[in-house]
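Just so we're on the same page: letters track the sequence lines, and every chain starts at 1. These values consider heavy atoms only, across backbone and side chains, with no hydrogens, waters or symmetry-generated copies. This is a predicted model, so every value here is computed, not measured.
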Amino acid sequence: MTVTICTWNINSVRLREPIVLDLLRQEAPDILCLQETKSPVDKIPVEGFAALGYTHMVARGQKGYNGVAILSRLPIEDAGQIDFCNKGDARHVAARMADGTLIHNLYIPAGGDEPDREVNEKFGHKLDFLTELRDRFREGRPQRAILVGDLNIAPREDDVWSHKQLLKVVSHTPIEVEHLGNAQEAGGWVDVTRQDIPEGQLYSWWSYRAKDWDAADRGRRLDHVWATPDLASGAGGSRILRAARGWEKPSDHVPVFASFTL
DNA sequence: ATGGTAGGTCCCCTA
């Protein structure tokens, strides 16, 4: 069976319920992983999602910040969350599919503006989060697993509009790229998007602050789909729905898709 | 070098 998964930082699931419904109607992924839902779980507008067939949800939330949710039209069960850095943040949740496949939905801290942990504790938090992620994957190498989410790092030169101009900008600094690479390597994770689309500029986020995001095209690839090698070998169909950045009341991130043979 | 936009909450935080 082929399963299509989509990841999308929605920047408030309540405000953007209409475009979530649009995405589900137009693209009909089997599973949609959302980040930055910014909502307690019991206030996520699930009725409309269920009416379109997405009757399963595994989620974590808090009042004003963070929040992750996995919507599915296939049965999933709650596989728990990891409280990275012991802060009580809703930045991770996992779901298990009927065949045993584990799906991790992650929202890695943005890290603030200054890429120096001595003066910016948010940057330190981001690096510590990534180190903890690495250590968890070192403890037990994941199998039959998919990891998606807003990782808030654009690792490759062609994942940003200007490698040179972003080297000291949080999301593309060498230390962040190194930390992300260590976590990826520790778990044996394959970057499915780049396995499918190995060449060329690829972005999933454009700032709200640009005058004309489309014309300027100063994007970054912050949203990722990873899989363990056993699943990556049967993966394909990766794409990034750039058009969603131009939708009514858009998120600053767009949906990223991949399909898996399970 | 700077400020630009967006969302949520309770007047300022985060991205």
Q. Rounding to a whole Å, what distance do you find between A:Lys249:NZ and B:dG7:P?
A. 4 Å
Q.
Need one value for A:Lys63: base, sugar-phosphate or nothing, where a base atom within 4.0 Å counts as base even if backbone is also close, heavy atoms only.
A. sugar-phosphate
Q: Could you check whether A:Arg91 gets within reach of a base, just the sugar-phosphate, or nothing at all, counting any heavy atom under 4.0 Å?
A: sugar-phosphate
Q | Nucleotide B:dA15, atom C1' - distance to CD1 of A:Ile153 in whole Å | A | 15 Å
(Q) Heavy atoms from C-beta onward define the side chain here; which of B:dC13, B:dA6, B:dA15 lies closest to that of A:Tyr65? (A) B:dC13
Q) Given B:dA6, B:dT14, B:dA15, which nucleotide is nearest the side-chain atoms of A:Tyr208? A) B:dA6
Q: To the nearest Å, give me how far apart CG (A:Asn66) and C1' (B:dC13) are.
A: 12 Å
Q. Is a donor-acceptor pair below 3.5 Å formed from side chain A:Arg209 to base B:dA15, judging by atom type as modelled?
A. yes
Q) Does the distance from a Lys or Arg side-chain N to an Asp or Glu carboxylate O, for A:Asp159 and A:Arg194, drop under 4.0 Å? A) yes
Q. What is the ring orientation for A:Trp189 with A:His104, classed by angle as parallel under 30°, tilted 30 to 60°, or perpendicular over 60°?
A. perpendicular
Q: Grab the CH2-C1' distance between A:Trp205 and B:dA15 for me, whole Å please.
A: 9 Å
(Q) Exactly one of A:Asn105, A:Asp78, A:Asp89, A:Thr37 should register a side-chain hydrogen bond (donor to acceptor under 3.5 Å, both in side chains) with A:Arg60. Which one does? (A) A:Asp78
